[in-house]
Structure formats: C-alpha cells, structure tokens
Amino acid sequence: MSAGTVQLFLFAGARECAGVGMIVLELSGDTTVANLSEALLHRFPALSSARNSLRFAVNGFYATPETPVRAGDEVAVIPPVAGG
Amino acid sequence: MSAGTVQLFLFAGARECAGVGMIVLELSGDTTVANLSEALLHRFPALSSARNSLRFAVNGFYATPETPVRAGDEVAVIPPVAGG
Amino acid sequence: MSRFEIWDRPLDPGAVIDAVSHPGAGAVDLFIGTVRDRNAGLAISRLDYEAYAPMAVAELKRIAAELEGGLPNVRLAAIHRVGSLQVGEAAVVCAASAPHRQEAFAACRQMIDALKARVPIWKREWGPEGPHWVG
Amino acid sequence: MSRFEIWDRPLDPGAVIDAVSHPGAGAVDLFIGTVRDRNAGLAISRLDYEAYAPMAVAELKRIAAELEGGLPNVRLAAIHRVGSLQVGEAAVVCAASAPHRQEAFAACRQMIDALKARVPIWKREWGPEGPHWVG
C-alpha cells in the first residue's frame, strides 16, 4: 500500500500536447508505471495517439510498465528522444 | 638521353645513415629510379641493410623502379613513414 | 576528469578534449553535431533543444560506464546544449580518448549513437511550415 | 576552406574544425594524435617529428581528393606538426565534416589511416635506451 503523491513531468511534444509540464498524481494502493500511464491518458486524451511511442522514467531511470511507483517518486514521460 | 644532374634528398633514418640530407647525382643516358637507387647504395653502403624498406619519390609523387628521372627532377628517399 | 553536462550556452570543444586527455592517451576522437541548414529536404532556420537535464546527465554517465567497461583505458566526455540554436551552432560535443586510435574511434561512435537513442533530449525544428518536434 | 599543412608550432584543433565546418555539415569528426608516455611498454620522454613538407602537403591533398571522390559532401582537413614534442602534445589533427555522422566518422578514420601509411613524415622516439627512428 503506497499512499501519497508522485510528480509526473512531461517534455517536448508530450508537454505541448498536454498543455502542462508537471502534474501531481494521487497514488491509491500498489501502483505501477502502467497504472500512471492509464491515469495520464485518461486526463489528457490528446496524448493517446502518441501512447505507443512514449517511454517512462522513474527517478531518472527508464522504467517498464511493471515498475512500481511509490510516494515521492519522480516520474517522467519521455517522448521519442532526438539529441545530437 | 638526359644529361645533367638531379638533387636527391634523404630523410629520417636514411639521412642519418648516409650522414647527409642531400646529394647531387650526375645523369648519364636514360635514367630510372632503379639506376639512382643503385648509385645511392654504391655511395652509401650503410643504406644496404634498409634497401627493401626504402621508397622513392620523384617531384613529390611516389615512384616505381621504372619511373624515369630527368635533369632537374627532385628525387627523395622515403624510409618507412610514421606520421600521426 | 571526464565530464557529462548540459549547457545553455555555446559549447567549447576544447573543454571536452581536455576532459579526456591524459599522458597515456595517444588518440582522441571528437564528434561535433551541428545544426544543419536543411533536414529531409526542407530548409531549417533554427532548432530548439530541451532536456530532462538530471536524467540526461545520469544517462550519459551510465552510457560512459557501460562503454568504459567494454573498452578498458577509454575515457569519455560529452556536453549537450539546450535552448535555441542557429544553423552552424554545435548541439553536442562528445569525445573519447584511448591509447590507440581504433578504440577512440569506436568509443566516440558508440557514445554518440547511444546518446541519440537513449538520452532524454528533444529538438523542435523550425522549417518552412513552422515548428515541429523531431522524433 | 579545407586546409592541409605542416606546422612547427603547437596545433590548434579549432582551426581544423573551422576548416571543415559549413552550413550543410551536420557532423564533424576530429581526430587528435598525441605523444603518449609509453610505446611498446617503454617509457617515452619526447618525440621528434620530421617531414618532407612539400610532398607531405601534396600527399595529404591527394588523399583528401580520393576520399572526397568516394564520399560526396565530405570535407577534410589535416595539420601535422614537426619538431620536438613533449608527452601530451598533439602531433596531428585531422577532421572530416559531412551532412551525417556516418560519413564524417568514416572519412576521418580513412584520412588518418592513409596519413599514417603514405604521408612522408617520420618520428624519432626518445626512450630509455636513447633515440631511434620509428618504422
């Protein structure tokens, strides 16, 4: 049981699509990246078309859908990167 | 028939081995790089042990033993290169 | 001292060369990625770069640790710029040093390939039809 | 403006980068060959470089023309130093620019490989048993 909140940061096209760079999500019970992804897409349906290209990071590491998320974690939505 | 002289430059180990950096050779009749190589080794027997590793250049281009040499040409003895 | 950084000012290739140079390194390979005047046939006027900076630095360090594990005696460094860049400006500079050139070339190449695949940095291209995010 | 030169003073990587940079080049690869503190297991205190300078410059230009013929849109430059160099000093700097990084890496690598095989430059190594010519 992980109650509390996490900060979820959005970047680049995902940020522009959502219209915000950070949201705070409430955790209820055991939560994974997949759960947060669902909550995010529910809140911002405009992100749905990009959903297959989005990756997530938890505390600065790339995560899988199964990665657990706990109160106080920093989660990030990572659209396709294009450095260099 | 190419009468006259050519300048022959020596570099690096070949220069040290011969003890000079430049010699002037007399041409007599049709002359090739092979002829100059023979004349050079005759004059500096100490170069003989390195003869298989020496290359020659005529007027700034790598030459073959058959390359003709004419009066006024600049010939160079090129020991194994080691730039970089 | 290897360095992995995000800068919001013009990059300095000399700083990246210095970061990997040492007396045992006979070879340094440096890569500079610059803003081209066109992409996919379209004229580009500028590029805006954005980074998730703390993770970008951490990911650069993880890439370097992985590569240095496979290529002993290699040292790596990379600095990426963010903000609005004009054509010709450097967006990224990365370098690898090694005793010999084969390893320096291989490590630098692998560093920039991994950076482009994994490091959370994005760019918005300003072309004839306005801006759009690349990728 | 590509440049191929022999210098008897410390090299400047920035000058070589500038020589190949242009608005259509998205990638620059730069190689620096420096004097290592050891070679073949022996401690090195310095290296003396000697060049047949007019032919060395001509041969560098011929190498570049050959490579640019096979890799369109690539630009090359190289400067080699002569004289007495201390450990850590750069003996050669060469660079290639191209629209994309694959060609820049390939051209820079081929340039330095050809330079080492063909350009009339020699070095005398000062090791524990005195000086000897390498090669």
Side-chain angles (χ1 to χ4, degrees), chain A residues 5-25 32-34 36-37 39-41 44-84, chain C residues 4-7 11 31-36 39-40 44 47-63 65-66 78-83 85 89-94 108-125 130-135:
Chain A
T5 61
V6 294
Q7 291 185 310
L8 193 153
F9 291 86
L10 298 102
F11 294 95
R15 173 174 48 72
E16 288 198 346
C17 195
V20 295
M22 196 269 278
I23 60 173
V24 174
L25 290 173
T32 63
V33 163
L36 288 192
S37 176
L40 178 77
L41 294 168
F44 302 111
L47 284 173
S48 297
S49 62
R51 66 182 301 166
N52 290 330
S53 70
L54 298 178
R55 286 189 283 181
F56 286 81
V58 177
N59 297 329
F61 288 84
Y62 280 111
T64 67
E66 297 74 34
T67 302
V69 179
R70 297 183 180 83
D73 283 349
E74 178 175 308
V75 181
V77 181
I78 312 279
V81 301
Chain C
F4 300 95
E5 299 171 9
I6 304 292
W7 286 16
L11 301 183
F31 177 81
I32 307 174
T34 59
V35 178
R36 290 177 68 207
N39 189 22
I44 300 301
L47 283 180
D48 297 336
Y49 281 89
E50 174 178 335
Y52 177 22
M55 179 174 168
V57 169
E59 194 70 11
L60 288 171
K61 289 178 178 172
R62 289 192 286 263
I63 291 167
E66 291 168 20
I79 306 181
H80 203 294
R81 189 168 165 196
V82 292
L85 276 69
E89 288 195 282
V92 63
V93 179
C94 72
C108 187
R109 176 63 188 269
Q110 290 172 41
M111 180 89 213
I112 187 67
D113 286 353
L115 183 155
K116 285 172 176 266
R118 293 168 45 182
V119 176
I121 297 173
W122 301 271
K123 65 183 167 211
R124 186 167 49 180
E125 208 168 67
H132 76 278
W133 291 98
V134 176

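Just so it is clear: chains get the letters A, B, ... in the order the sequence lines come, proteins before strands, and each one is counted from 1.
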Should the heavy atoms of other residues, nucleotides or ligands under 6.0 Å from NZ of Lys116(C) be counted, would the total exceed 12? yes

The interface call for Ala78(C) against chain A, heavy-atom contacts under 4.5 Å, is neither

Proximal component of Val134(C), with respect to chain A [non-hydrogen, under 4.5 Å]: both

Looking at Arg81(C), Arg62(C), Arg124(C), which has the largest count of heavy-atom pairs under 4.5 Å with chain A? Arg62(C)

Below 4.5 Å from any heavy atom of chain A, which atoms of Pro54(C) appear? Answer side chain, backbone, both or neither. neither

Between Ser53(A), Ala76(A), Gly60(A), who has the most heavy-atom pairs with chain C when the cutoff is under 4.5 Å? Gly60(A)

Bottom line for Ala90(C): the part with an atom under 4.5 Å from chain A's heavy atoms is neither

Identified side chain to side chain contact (heavy atoms under 4.5 Å, CB included) counterpart of Arg55(A) within the set Thr64(A), Val77(A), Val81(A), Val33(A): Val81(A)

Would you mind reporting whether Thr67(A) and Thr32(A) have side-chain heavy atoms less than 4.5 Å apart? no

Looking only at His80(C), Glu50(C), Lys123(C), most heavy-atom pairs under 4.5 Å shared with chain A are made by Glu50(C)

Any side-chain to backbone donor/acceptor pair from Asn59(A) onto Glu74(A)? Under 3.5 Å, distance only. yes

Counting distance only, does the side-chain N/O of Tyr62(A) pair as donor-acceptor with the main-chain N or O of Arg118(C) below 3.5 Å? yes

Report yes or no: does Trp122(C) contribute a side-chain atom to a donor-acceptor pair with the main-chain N or O of Pro79(A) at less than 3.5 Å? yes

Tell me, for Tyr52(C) versus chain A, whether the close heavy atoms (under 4.5 Å) come from the side chain, the backbone, both or neither. both

